[in-house]
Number of protein chains: 2
Amino acid sequence: MPIINQAQIAGILNVSRATVSKALKDADDISDGMKKRVRDLAEKFNYIPHYHASNLQSKRTRTIGIVVPDISYSFFAFAIDGIMDAAQRSGYQVILTVSREKADIERKNILTLLSMRVDGLLVAVSRETRNIQIFRKVRRSEIPLVFFDRSIEGLGFSAVGIDDRDAARRLIDFVLRSGYRRIWHIAGSSGIDVGRNRRAGYEDALKKRGIRLRKDWITEGGFTRADGRRGFRELHRRGSLPDVIFAANDQIALGAYDAMRELGIRYPDRVGVVAFSHHEYAEIVSPSLTIIHVDPCLLGRKAMELLLRHMDHPGARSRRLRIPAEIQKGESIRIPGIRREKINRSS
Amino acid sequence: MPIINQAQIAGILNVSRATVSKALKDADDISDGMKKRVRDLAEKFNYIPHYHASNLQSKRTRTIGIVVPDISYSFFAFAIDGIMDAAQRSGYQVILTVSREKADIERKNILTLLSMRVDGLLVAVSRETRNIQIFRKVRRSEIPLVFFDRSIEGLGFSAVGIDDRDAARRLIDFVLRSGYRRIWHIAGSSGIDVGRNRRAGYEDALKKRGIRLRKDWITEGGFTRADGRRGFRELHRRGSLPDVIFAANDQIALGAYDAMRELGIRYPDRVGVVAFSHHEYAEIVSPSLTIIHVDPCLLGRKAMELLLRHMDHPGARSRRLRIPAEIQKGESIRIPGIRREKINRSS
DNA sequence: TTGAAAGCGTTACCAG
DNA sequence: CTGGTAACGCTTTCAA
């Protein structure tokens, strides 16, 4: 038999549905005897409360919705892990949706989540997203939304992201302090904020040290391993080798290594590589790699914590959240990258 | 203002709630004029239908629940990706829960999902799970459940898993056919089915070729990189080097490489390594590694497809699902591993 | 073409 | 202590 409901229990015991409801939730105006009879029967007939029926009254669903471009990007897998962690601790269930980088799927996902009346929304927007109508709709619905990693400015929603520019600046500054001057940058696309910011950080650092920016030290492309290989070969055609390569991410770094192997260039002895990464394998592949480690898990946790604040989650204020108390809706948090201190150039 | 409901729209237009409901879903017994009036107002006031209120009637939620031990195991991240893919195509939303390998969290998660009246459940059980009461409860609730990757036998639920034993047998058979005879096995724990099955496959292959099983060629431990290192060192203490090492997974293989580096043993020239893996990085780290590639994404897709069948999802039968038609509840699917054909021992 | 009423499973309020 | 009734947001059936 399918799942029994309170009315059926009430029928068997010849009491009212109200009594059963109260007995099941241990109200103090129900006799112990009645409570026991109700509970025994509930147990016996495998009663399972109906989550959404209750929520119909309370106007809260204790669920939050997530929209990510793709879960097989390990970055988002880790971020979701962090979100789940914080959500579980606060008693929220998570509804996960994936946009596959398509703006229209993203739109539909958000709409579904709104219609499910999630208590809050955590969104990393797709690369394709241009139309922001759906976000206006969210705004009007008054369901809190926090962007994580990939955000849209100017809509009045908070965002939690990595401070790429600052991290890149610090990384390059470190390289300069270590005595290296010729630093190539294999950038990602500057059409994407991550690429733009990391490049800006690189330029900040050089400027600060009074080193002239050389366009022929920088190449743009995509963020894949193949792009890294292409990038290195292109820079290499232009002239002599650098001291260090700054790769915009770990995939690009791998590609640079590929190119160096092909060209017979010894690394890290001859050329050092530094890169952004969130994944341990970058260091496994090349123990010689210096990385800015960004922690997607932390990012997810922070995003969820900020969302809890926006949802007026009881306890979100009382707990010792490490989110500055003054963060209001529409303001954002930037998480710093963590530099691993080493450059293994033997020369 | 919060989200408006149908009653409010009805109030404004001075019509009944029924009319609004029907107009919104384009019923054919409503005049075009009325439909337009209702829709315009709905649009204007940002009406968003209430998912759960509708579902209250239909007895279907168009949601499925997932329970995984951990999402930061990339294996499960990929599997979830496969599930999401199939779910999205069939119009299901996904509620994701994580047990962190704890039996009691797993129990609570399943209970929550039941109470949410998910239409189906996809579960990879935690390592800790002993008590199967909760699964009896699922059984009684008549909500379909399919185990994926990690399953519990004898409960009458279907399971979708990797055919580890067969894959290991084929891998080792391939190694033997390639002319290598001394094959060490750094096994995981035989307390875990994955470990047991891979070891059994190894033994199957040796037996089939009439090669005597030597206990001192096998060592058990855990599944981590450290375990791999320990395992190699232990086997190494016992005698001369093997031709090839069979590692139960890629982490163990990495550990074996660590040990060899430390001991000054040249690989892959001197010792080849073969391993199970689902992750590309294994081959990145060691282009010399021969792996049995298991595809978690495919596993997830298959699991979802089988669940759809069990849920009598309209279309689950008509579509060309590649699940054998005769799979019934309680029966299982084993997905074969894919062998990458190469062993790069230069000797 | 529209509406009244009952129902989905539960809770809240007030009476008895 | 228990029960009747309305309400949550929506759909469906049947009458008008």
Side-chain angles (χ1 to χ4, degrees), chain A residues 1-39 41-42 45-63 112 114-119 141-143, chain B residues 1-39 41-42 45-63 112 114-119 141-143:
Chain A
M1 79 222 114
I3 300 175
I4 197 178
N5 63 23
Q6 292 185 359
Q8 293 171 283
I9 296 182
I12 299 174
L13 289 177
N14 266 314
V15 295
S16 76
R17 287 142 60 213
T19 306
V20 173
S21 172
K22 287 193 270 193
L24 284 171
K25 57 178 33 185
D26 206 18
D28 32 327
D29 60 348
I30 294 288
S31 69
D32 286 352
M34 178 56 86
K35 280 183 188 169
K36 178 151 174 38
R37 290 205 296 154
V38 170
R39 285 190 191 141
L41 217 62
F45 287 106
N46 200 37
Y47 171 76
I48 300 169
H50 193 300
Y51 198 89
H52 301 300
S54 339
N55 288 148
L56 209 48
Q57 317 264 138
S58 68
K59 299 291 215 166
R60 315 187 57 213
T61 56
R62 303 232 123 226
T63 56
T112 306
L114 288 180
S115 97
M116 287 181 153
R117 299 297 191 273
V118 292
D119 293 336
S141 78
E142 294 182 11
I143 293 179
Chain B
M1 75 221 117
I3 300 175
I4 197 177
N5 62 23
Q6 292 185 358
Q8 294 171 281
I9 296 183
I12 299 174
L13 289 176
N14 266 314
V15 296
S16 76
R17 287 144 62 218
T19 306
V20 173
S21 172
K22 287 193 271 194
L24 285 171
K25 58 178 32 187
D26 207 17
D28 32 334
D29 61 347
I30 295 288
S31 67
D32 287 351
M34 179 55 89
K35 280 183 189 169
K36 177 150 177 36
R37 290 206 295 152
V38 170
R39 286 192 191 137
L41 216 62
F45 286 106
N46 199 35
Y47 171 76
I48 300 170
H50 193 300
Y51 198 90
H52 301 300
S54 339
N55 289 147
L56 210 48
Q57 320 260 138
S58 68
K59 300 289 216 168
R60 313 187 61 214
T61 56
R62 304 232 123 226
T63 56
T112 306
L114 288 180
S115 98
M116 288 182 153
R117 298 297 190 273
V118 291
D119 293 336
S141 78
E142 295 181 9
I143 293 179

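Fair warning: this is a prediction, and the values are worked out from it, not measured in the lab. Naming: A, B, ... by sequence-line order, numbering from 1 per chain.
- Between the C1' atom of D:dG9 and the CG atom of B:N55 lies a distance of 12 Å, rounded to the nearest Å.
- Taking only side-chain nitrogens and oxygens, A:S31 comes nearer than 4.0 Å to OP1 or OP2 of D:dT2.
- By the side-chain contact (heavy atoms from CB on, under 4.5 Å) test, B:K35 is found to be paired with B:A23, B:D26, B:I30, B:D32, B:R39, residues two or more places apart in sequence or in another chain being considered.
- Separating the OH atom of B:Y51 from the P atom of D:dT11 is a distance of 13 Å, rounded to the nearest angstrom.
- Positionally, the nearest nucleotide of DNA chain C for B:D29 lies more toward the 5' end than for the other of A:H50 and B:D29.
- A donor-acceptor pair is defined here as one N or O able to donate and one able to accept, closer than 3.5 Å; no such pair exists between the side chain of B:N55 and the backbone of B:S58.
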Criterion side chain to side chain contact (heavy atoms under 4.5 Å, CB included) on B:H52 and A:L56, from CA distance to verdict: CA-CA 8 Å; B:H52 301 300; A:L56 209 48; 5.7 Å; no
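- Listed nucleotides: C:dT10, C:dT1, D:dT11. Nearest to the side chain of B:K25: D:dT11.
- Look at CD1 on B:I30: it is 13 Å from P on D:dT12, rounded to the nearest Å.
- For the pair A:R60 CZ and D:dG9 P, the interatomic distance rounds to 16 Å; values are reported in whole Å.
- B:D28 places its CG atom 9 Å from the P atom of C:dT1, with the value rounded to the nearest Å.
- As a whole-Å value, the separation of A:L56 CG from D:dC8 P is 9 Å.
- The side-chain hydrogen bond (donor to acceptor under 3.5 Å, both in side chains) pairs that include a residue from residues 9-21 of chain B are B:S16-B:T19, where partners are two or more places apart or lie in different chains.
- Residue A:Q57 places no side-chain N or O under 4.0 Å from the OP1 or OP2 atom of D:dA6.
- Residues from residues 7-23 of chain A that place a heavy atom under 4.0 Å from any atom of DNA chain C, listed by number: A:R17, A:A18, A:S21, A:K22.
- A:K36 places its NZ atom 15 Å from the P atom of D:dT2, with the value rounded to the nearest Å.
- Residue contacts shown for B:N5 are limited to sugar-phosphate atoms, with no base heavy atom under 4.0 Å away.
- A donor-acceptor pair under 3.5 Å links the side-chain atoms of B:Q8 to the main chain of B:N5, judged by distance alone.
- In terms of heavy-atom proximity, B:L114 sits nearest to B:S141 at CD2-OG, 3.8 Å.
- When the nucleotides D:dC8, D:dC10, C:dT11 are ranked by their closest atom to the side chain of A:K59, D:dC8 comes out on top.
- Distance, A:K35 NZ to D:dC1 P: 9 Å, rounded to whole Å.
- In this structure, B:A42 and B:L24 approach most closely via the heavy-atom pair CB-CD2, 4.0 Å.
- Residue B:Y47 is classed as a sugar-phosphate contact, given heavy-atom separations below 4.0 Å to backbone atoms only.
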